[in-house]
Asker: 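Have a look at this one before I ask anything.
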Amino acid sequence: MSNAKDTWAAKGYIDEPIPQGIDLKAEIRRLCAEKKAVIMAHYYTEGEIQDVADFVGDSLALAQWAEKTDAEIIVMCGVHFMGETNKILCPNKKILLPDLNASCSLAESCPATDFAAFTAAHPDHKVISYVNTSAAVKAHTDVVVTSSNAKEIVESFPADQPLIFGPDRNLGGYINAVTGRNMLLWNGACHVHERFSVEKLVALKAEYPGAKVLVHPECKGAIVKLADKVGSTAALLKYATESEADTFLVVTESGILHEMQRQSPDKHFIPVPPEDAACACNECNFMRLITLKKLYLTLVHEWPEVHVDQDVIAAARRPIDEMLRISKELGL
Ligand code: 13P
Ligand code: SF4
């Protein structure tokens, strides 16, 4: 077994055969009940992962939900920084992530030591970090935001307070535009949201003239300008559900279409393609590492586990708590 564990550790996930003929979804639910475990999933994961989860949400809702659950184990079906956020909020729970390779290009674009040097060079600035960062970056932050609350949290600072925003230059630029602030921006981006094609979106708008354009603010400014609604995955979902329109061009990771279609089965959701591919969908390769098989094996073996150093937990907890406190105050 120790050889098997060394192989898993090298791979970052459990690679062993599963019993033949097994009903994976039923077994996953049985293991959750047996082990007092819950499954949390982001909207960008595969539809079958969302279907088996206890809770599906955007980054803010996942953090709010983690804080409340009394489960002993949380299996985070999402990316590594989401597992870290859960560990920071619930240090006494076991936080499992079915594949430790599920990283995030945006979080990777902001190494903690470089970010610490950047913030140290601007000691008069308050530091706002997007939740898509490592725990170590959050430890150098005054308040964390998600795309659901970034505008409101930025506006909660006095207008003359100098601010740093990291790591997403697109979200930061969008928030600067809508708030009239002039935050210093870290030069990072998400490789999924940056690759949407303006030309393909314009062509789809011409093909579907009545369609509403739903855009995540991690996209480039030229895409955001074409939007009817800009918002987090949860905000785009709410808009689509409440809108009287029946056709939507969706400019974010295509996993969200699963829940959009489930909530509005009679509406028509069209994923906008990336510029560099012939395929129709823009998928996050990191989110898609989470499969039903890995989820099942993770529950069986209670591994891989997300660990965060105690001192980092202590330093990163405060800016996350601050985000949750302000969001609660604002009813978000
Ligand atoms: P939200 O869940 O806040 O919409 O963020 C999208 C994202 O890229 C998560 O990685
Ligand atoms: Fe990170 Fe982009 Fe994937 Fe979200 S979609 S997890 S920001 S790489």
Side-chain angles (χ1 to χ4, degrees), residues 40-46 49-50 53 55-66 76-86 97-110 128-134 137-138 144-154 165-172 174-175 186-196 214-220 223-224 227 229-240 250-260 271-272 274 281-290 306 320 323-324 327 332:
M40 297 174 58
H42 190 272
Y43 290 126
Y44 293 164
T45 52
E46 297 286 347
I49 297 286
Q50 297 182 44
F55 182 81
V56 186
D58 72 347
S59 306
L60 176 61
L62 290 169
Q64 289 169 327
W65 204 77
M76 183 66 234
C77 292
V79 293
H80 193 264
F81 76 79
M82 295 175 175
E84 284 189 331
T85 302
N86 286 350
L97 184 73
D99 189 332
L100 291 174
N101 301 297
S103 180
C104 165
S105 56
L106 188 47
E108 282 176 17
S109 72
C110 190
I128 302 177
S129 291
Y130 195 29
V131 72
N132 295 43
T133 45
S134 66
V137 165
K138 291 183 177 78
V144 170
V145 299
T146 76
S147 49
S148 276
N149 56 24
K151 175 176 173 288
E152 290 79 3
I153 290 182
V154 167
F165 186 94
D168 189 349
R169 58 178 176 244
N170 295 319
L171 176 62
Y174 171 70
I175 301 295
W186 183 263
N187 191 21
C190 157
H191 73 300
V192 178
H193 287 90
E194 278 230 312
R195 71 175 174 230
F196 284 109
L214 311 179
V215 174
H216 197 282
E218 288 174 20
C219 295
K220 287 180 181 168
I223 294 275
V224 169
K229 173 70 185 173
V230 182
S232 70
T233 43
L236 300 181
L237 176 64
K238 184 168 185 284
Y239 180 92
V250 184
V251 201
T252 187
E253 212 273 3
S254 56
I256 186 65
L257 269 78
H258 182 73
E259 185 60 18
M260 284 177 171
V272 173
C281 289
N282 196 357
E283 294 182 351
C284 174
N285 51 309
F286 298 118
M287 291 278 184
R288 305 307 173 118
L289 289 175
I290 310 301
V306 175
I320 296 175
M323 170 184 81
L324 294 172
S327 300
L332 297 170

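Whatever order the structure lists ligands and atoms in, that order sets their numbers, starting from 1. Start at 1 with the first residue, then count along the sequence.
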Asker: Please verify the inter-ring angle class for H191 with F286; under 30° counts as parallel, over 60° as perpendicular, anything in between as tilted.
Answerer: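 H191 vs F286 ring planes: perpendicular.
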Asker: Identify the protein heavy atom lying closest to atom 10 (O) of ligand 1, giving its residue, its atom name and the separation to 0.1 Å.
Answerer: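 That would be N132 ND2, 3.2 Å.
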Asker: Under the side-chain contact (heavy atoms from CB on, under 4.5 Å) rule, what do L62 and M82 come out as? Steps first, then yes or no, please.
Answerer: CA-CA 8 Å; L62 290 169; M82 295 175 175; 4.1 Å; yes
Asker: Please check: side-chain N/O of W186 versus main-chain N/O of S109, any donor-acceptor pairing under 3.5 Å?
Answerer: yes
Asker: N/O of E218 under 3.5 Å from N/O of ligand 1, yes or no?
Answerer: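 The answer is yes, given that E218 and ligand 1 share an N or O pair closer than 3.5 Å.
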Asker: Enter the distance from I153:CD1 to S327:OG here, rounded to the nearest 0.5 Å.
Answerer: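 Output value for this atom pair is 4.5 Å.
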Asker: Flag H42 as yes when one of its N or O atoms lies below 3.5 Å from any N or O atom of ligand 1, and as no otherwise.
Answerer: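 It does: an N or O of H42 is found under 3.5 Å from an N or O of ligand 1.
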Asker: Find the distance between OG1 (T85) and CG (N132) and round it off to the nearest 0.5 Å.
Answerer: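 Separation between the atoms: 9.0 Å.
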Asker: Check ligand 1 against S232 and write out every atom of the ligand that is under 4.0 Å from a heavy-atom position of the residue.
Answerer: 4 (O)
Asker: Could you tell me, atom by atom, which parts of ligand 1 come under 4.0 Å of a heavy atom of Y130?
Answerer: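 Near Y130, the atoms of ligand 1 are 5 (O).
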Asker: For ligand 1, which atoms, with element, lie under 4.0 Å from some heavy atom of S59?
Answerer: 1 (P), 2 (O), 3 (O), 5 (O), 9 (C)
Asker: For E253, is the nearest heavy atom under 4.0 Å from an atom of ligand 1?
Answerer: no
Asker: Report yes or no: does F286 have a heavy atom closer than 4.0 Å to ligand 1?
Answerer: no
Asker: Please tell me if the side chains of Y174 and C219 come closer than 4.5 Å, counting only heavy atoms from C-beta onward.
Answerer: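 Y174 does not reach C219 side chain to side chain.
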Asker: Hey, which protein N/O/S atoms does atom 1 (Fe) of ligand 2 have under 2.8 Å?
Answerer: C104 SG
Asker: Between L106, T133, V131, N86, which is the residue that forms a side-chain contact (heavy atoms from CB on, under 4.5 Å) with F81?
Answerer: V131
Asker: For side-chain contact (heavy atoms from CB on, under 4.5 Å), just list the numbers for E218 and E253, CA-CA rounded to whole Å, side-chain angles, deciding distance to a tenth of an Å, and then say yes or no.
Answerer: CA-CA 11 Å; E218 288 174 20; E253 212 273 3; over 6 Å; no
Asker: State if S148 counts as touching ligand 1 under the rule of any non-hydrogen atom under 4.0 Å.
Answerer: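 Per 4.0 Å heavy-atom rule, S148 does not contact ligand 1.
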Asker: Between the main-chain N or O of C190 and the side-chain N or O of R195, is there a donor-acceptor pair closer than 3.5 Å?
Answerer: no
Asker: Decide whether an N or O pair under 3.5 Å exists between H216 and ligand 1.
Answerer: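 Indeed, backbone or side chain, H216 has an N or O that close.
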Asker: Answer yes or no for H42: is there a heavy-atom contact with ligand 2 below 4.0 Å?
Answerer: no
Asker: Would you confirm whether E46, through its side chain, and I290, through its main-chain N or O, come within 3.5 Å as a donor-acceptor pair?
Answerer: no
Asker: Checking a contact table here: which protein heavy atom is nearest atom 3 (O) of ligand 1, and how many Å away?
Answerer: S147 OG, 2.8 Å
Asker: Using a 4.0 Å cut-off to any heavy atom of T233, which atoms of ligand 1 qualify?
Answerer: 1 (P), 2 (O), 4 (O)
Asker: Are any side-chain N or O atoms of Q64 and backbone N or O atoms of L332, one a donor and one an acceptor, separated by less than 3.5 Å?
Answerer: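 Looks like yes, one N/O pair under 3.5 Å.
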Asker: Main chain of V192, side chain of N282: is a donor-acceptor contact present, judged purely on distance under 3.5 Å?
Answerer: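 Looks like yes, one N/O pair under 3.5 Å.
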Asker: So is Y44 touching ligand 1 or not, going by heavy atoms under 4.0 Å?
Answerer: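 Yes, Y44 has heavy atoms under 4.0 Å from ligand 1.
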Asker: Please check if any side-chain donor atom of S148 sits under 3.5 Å from a side-chain acceptor atom of D58, or the reverse.
Answerer: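 On atom types as modelled, these side chains qualify, holding a pair under 3.5 Å.
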